[in-house]
Amino acid sequence: MSVKEFVQKYCRWADYYYGTQVLALQEKKNYDCILWENGCSCYEARPVQCSTYPFWSWMIADEKTWNECAQDCPGMNKGRLWTVEEIEENKRAYDENKPLHREECEAMMNQA
């Protein structure tokens with residue numbers, strides 16, 4: 001599947017800051033990710049947003065925020081323990097990830 005086909009089938013344009021739009025995965029009616037089928041159907045190639053969750057900088061900023069987020073996510077505070085280094089690497093990857101703005105993404109797909 002080409003990038004253009006993937007975007008057309010699984011993505012949408014989401015409103016972002018200052019009147020811009022960025023590429024986002026679609027959600028199902030229950031707000032689950034479009035790629036969620038009893039687990040992630042693209043786990044090995046999942047976006048940074050997914051692969052770094054829940055170690056996003058704003059979520060790990062303080063214990064109160066972490067605990068509030070954990071109330072909505074049944075996987076948080078369960079499973080294996082992550083090292084500080086792993087958490088910091090996920091935070092760094094999340095912070096460095098830049099959204100694909102509509103104009104630049106459309107230009108890129110038109111060149112392909």
Side-chain angles (χ1 to χ4, degrees):
M1 175 180 294
S2 72
V3 171
K4 189 172 187 174
E5 290 169 325
F6 181 88
V7 169
Q8 289 172 338
K9 185 171 183 176
Y10 296 111
C11 297
R12 66 180 177 86
W13 296 109
D15 291 334
Y16 199 59
Y17 298 108
Y18 311 111
T20 62
Q21 290 186 319
V22 295
L23 195 62
L25 286 171
Q26 295 177 24
E27 299 91 13
K28 297 178 182 178
K29 288 182 182 179
N30 66 356
Y31 299 107
D32 279 353
C33 174
I34 193 75
L35 300 172
W36 185 261
E37 296 294 334
N38 295 320
C40 179
S41 63
C42 71
Y43 189 81
E44 293 302 318
R46 66 196 186 281
V48 170
Q49 179 178 356
C50 302
S51 65
T52 59
Y53 185 86
F55 304 118
W56 300 349
S57 49
W58 67 270
M59 289 179 79
I60 63 173
D62 57 68
E63 187 175 2
K64 180 179 182 282
T65 302
W66 176 268
N67 289 332
E68 287 171 355
C69 293
Q71 290 176 358
D72 294 325
C73 178
M76 287 177 68
N77 294 328
K78 295 178 177 61
R80 75 174 181 92
L81 293 177
W82 293 71
T83 66
V84 171
E85 293 79 16
E86 290 173 314
I87 293 169
E88 286 296 323
E89 174 58 24
N90 279 289
K91 177 187 174 296
R92 183 198 59 72
Y94 175 79
D95 288 342
E96 290 178 359
N97 187 47
K98 303 296 179 223
L100 294 173
H101 289 268
R102 186 173 194 148
E103 298 79 18
E104 61 195 28
C105 191
E106 287 177 342
M108 180 180 63
M109 286 190 298
N110 288 333
Q111 291 176 354

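Everything numeric here is computed off the predicted structure, so don't read it as measured data. For the single chain, residues carry numbers from 1 onward in sequence order.
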Gap separating the OH atom of Tyr10 from the OG atom of Ser41, nearest 0.5 angstrom: 6.5 Å
Electrostatic pair Glu96-Arg92, nearest N-O below 4.0 angstrom: yes
ILVMFWY network linking Trp58 to Trp66, side-chain heavy atoms under 4.5 angstrom: yes
hydrophobic_cluster_shared for Tyr18 and Val22, side chain cutoff 4.5 Å: yes
Neighbour count above 12 (heavy atom, 6.0 Å) for Gln49 CD: no
Exercise: identify the closest heavy-atom pair between Thr52 and Val48: OG1-O, 2.7 Å
Side-chain donor/acceptor of Gln26 to backbone N/O of Ile34, under 3.5 Å: no
Linked, directly or transitively: Tyr53 and Tyr94 (ILVMFWY side chains, under 4.5 Å): yes
NZ/NE/NH1/NH2 to OD/OE distance under 4.0 Å, Lys4 and Glu106: no
Salt bridge (Lys or Arg N to Asp or Glu O under 4.0 Å) evaluation trace for Lys91 with Glu86: CA-CA 9 Å; Lys91 177 187 174 296; Glu86 290 173 314; over 6 Å; no
Validation row: Val7, Met109 side chains within 4.5 angstrom (heavy atoms): yes
Between CE on residue Met76 and CE on residue Met59, distance to nearest 0.5 Å: 4.0 Å
Rounded distance (nearest 0.5 Å) linking atom CG of Asn90 with atom CH2 of Trp82: 5.5 Å
Within 6.0 angstrom of Lys9 NZ, more than 12 heavy atoms from elsewhere: no
Stepwise side-chain contact (heavy atoms from CB on, under 4.5 Å) check, Glu85 with Glu88: CA-CA 5 Å; Glu85 293 79 16; Glu88 286 296 323; 5.8 Å; no
Residues, nucleotides or ligands: over 12 heavy atoms within 6.0 Å of Lys64 NZ: no
Reported CG-to-OH distance for the pair Leu23 and Tyr16, which is rounded to 0.5 angstrom: 12.5 Å
Stepwise side-chain contact (heavy atoms from CB on, under 4.5 Å) check, Asp95 with Trp56: CA-CA 8 Å; Asp95 288 342; Trp56 300 349; over 6 Å; no
Verdict with reasoning, Glu27 to Arg12, per side-chain contact (heavy atoms from CB on, under 4.5 Å): CA-CA 9 Å; Glu27 299 91 13; Arg12 66 180 177 86; 3.0 Å; yes
Nearest-0.5 Å distance that lies between atom CD1 in Ile60 and atom OG1 in Thr65: 11.0 Å
Within 6.0 Å of CD in Glu63, more than 12 heavy atoms from elsewhere: no
Heavy atoms from other residues, nucleotides or ligands near CG of Asn30 exceed 12 (cutoff 6.0 Å): yes
Student check: side-chain heavy atoms of Trp13 and Cys105 closer than 4.5 Å: yes
Straight-line distance of Cys33 SG to Arg46 CZ, nearest 0.5 Å: 11.5 Å
